[in-house]
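In the text below, chain A, chain B and the rest are named by the order of the sequence lines, each starting its count at 1.
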Amino acid sequence: QSALTQPPSASGSPGQSVTISCTGTSSDVGAYNYVSWYQHHPGKAPKLIIYEVSKRPSGVPDRFSGSKSGNTASLTVSGLQADDEADYFCCSYAGGNNLYVFGTGTKVTVL
Amino acid sequence: QVQLVQSGAEVKKPGASVKVSCKASGYTFTIHNIHWARQAPGQSLEWMGWINLGIRSTKYSQNFRDRIAITGDTSANTVYMELSSLRSEDTAIYYCARTHDSGSWPGYWGQGTLVTVSS
C-alpha cells in the first residue's frame, strides 16, 4: 500500500483559508469514510483534528473542516492563526494486511 | 486526560533489536487498541501494527511481520514494540497511538521515540 499523496507545503496569511488534499485510491480513501487528519507540531505528539472525514473531536475549533470526494479527502483551515503553523497529515483505513495508510504530510506556513 | 508516554531515544547497531515502551494513563487500559507507526527521515508515517489489549491479539503490517513483536503489560499499563534485525533504514521516530473513542483510527499519540541504527 502506498502512502496517501499530500502537497508538501501550503501557506496563507492570518485570517485566510488553506485547503490540503489527501489523495489515495479506491482501496483506501475511496472505499471507506474513515479518513482522519492530524496536526503535528514537531517534537510534540500529533493531535487528532478530524475523524470520519468531517467530524471534529471536542475542543477542536470549527475553523477546521474536512470533506471527501472520490479518492481524495480534503482539510480546510479557515481563519488562519499563527498557532496553525504545523505539519498536517491524513490517515485512512485500508483494510487488508496494512490496516491504515498515512499521508505524505503537508507543512502549513502562516505568512 | 489520556496520556501516552514513550521511552527515550535509542542508538543501536545493525543486526541488534530495540524495544520501545509506551505507558498509558487516563483511561481503562484494556479497552482500547494501541497502534505503532514510524516516520523515517524524509518519509511519510508508516503503520506497523497494533495490539488488542482486551484479547491480547496482534496484527502486523506485512512489511514488518517477521521482525516485529508488540506486547502489553496490563499490570503496568504499558505496551512494548520490539523490532529485531535492525538495519540503517530502520532509523526513524517510532510512535504509539491509542484508538479513538469512536473507532479504531489513531486518536491519541505518544511523543515519539527516535531510534538510530548506526555502526
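Per-residue heavy-atom pair counts under 4.5 Å with chain A were compared for B:Ala37, B:Gly112, B:Pro106, B:Ser102, and the maximum is reached by B:Pro106. No other option in A:Thr104, A:Asn97, A:Leu48 has as many heavy-atom pairs under 4.5 Å with chain B as A:Asn97.
Only the backbone of B:Glu46 comes within less than 4.5 Å of a heavy atom in chain A; its side chain stays farther off. Proximity to chain A (any heavy atom under 4.5 Å) is shown, for B:Ala97, by neither the backbone nor the side chain. Using a 4.5 Å cut-off between heavy atoms, B:Tyr95 touches chain A through its side chain atoms alone. Contacts between A:Phe89 and chain B at a heavy-atom distance below 4.5 Å involve the side chain alone, from C-beta outward. Both the backbone and the side chain of B:Ser104 come within contact range of chain A, with heavy atoms under 4.5 Å apart.
The aromatic ring centroids of B:His100 and A:Tyr51 lie less than 6.0 Å from each other.
Residues of residues 27-37 of chain A lying under 4.5 angstrom from chain B, judged on non-hydrogen atoms, are A:Tyr34, A:Ser36 in numerical order.
Counting only N and O atoms by type, the side chains of A:Ser54 and A:Ser67 include no donor and acceptor under 3.5 Å apart. Side-chain contact annotation: B:Asn33 with B:Thr99, donor-acceptor N/O pair under 3.5 Å absent. Of the N and O atoms on the side chains of A:Thr109 and A:Glu85, not one donor lies less than 3.5 Å from an acceptor on the other residue.
The backbone N or O of B:Trp50 lies less than 3.5 Å from no partner atom in the side chain of B:Thr58, so there is not a single donor-acceptor pair.
With a 6.0 Å cutoff to the six-membered ring centre and a 45° limit on the axis angle, B:Arg98 counts as a cation-pi contact of B:Tyr27.
A salt bridge is defined here as a Lys NZ or Arg NE, NH1 or NH2 lying under 4.0 Å from an Asp or Glu carboxylate O, and B:Lys12 with B:Asp90 fails to meet this definition.
Following chains of ILVMFWY side-chain contacts shorter than 4.5 Å, one can reach A:Leu75 starting from A:Val60, so the two form part of one hydrophobic cluster.
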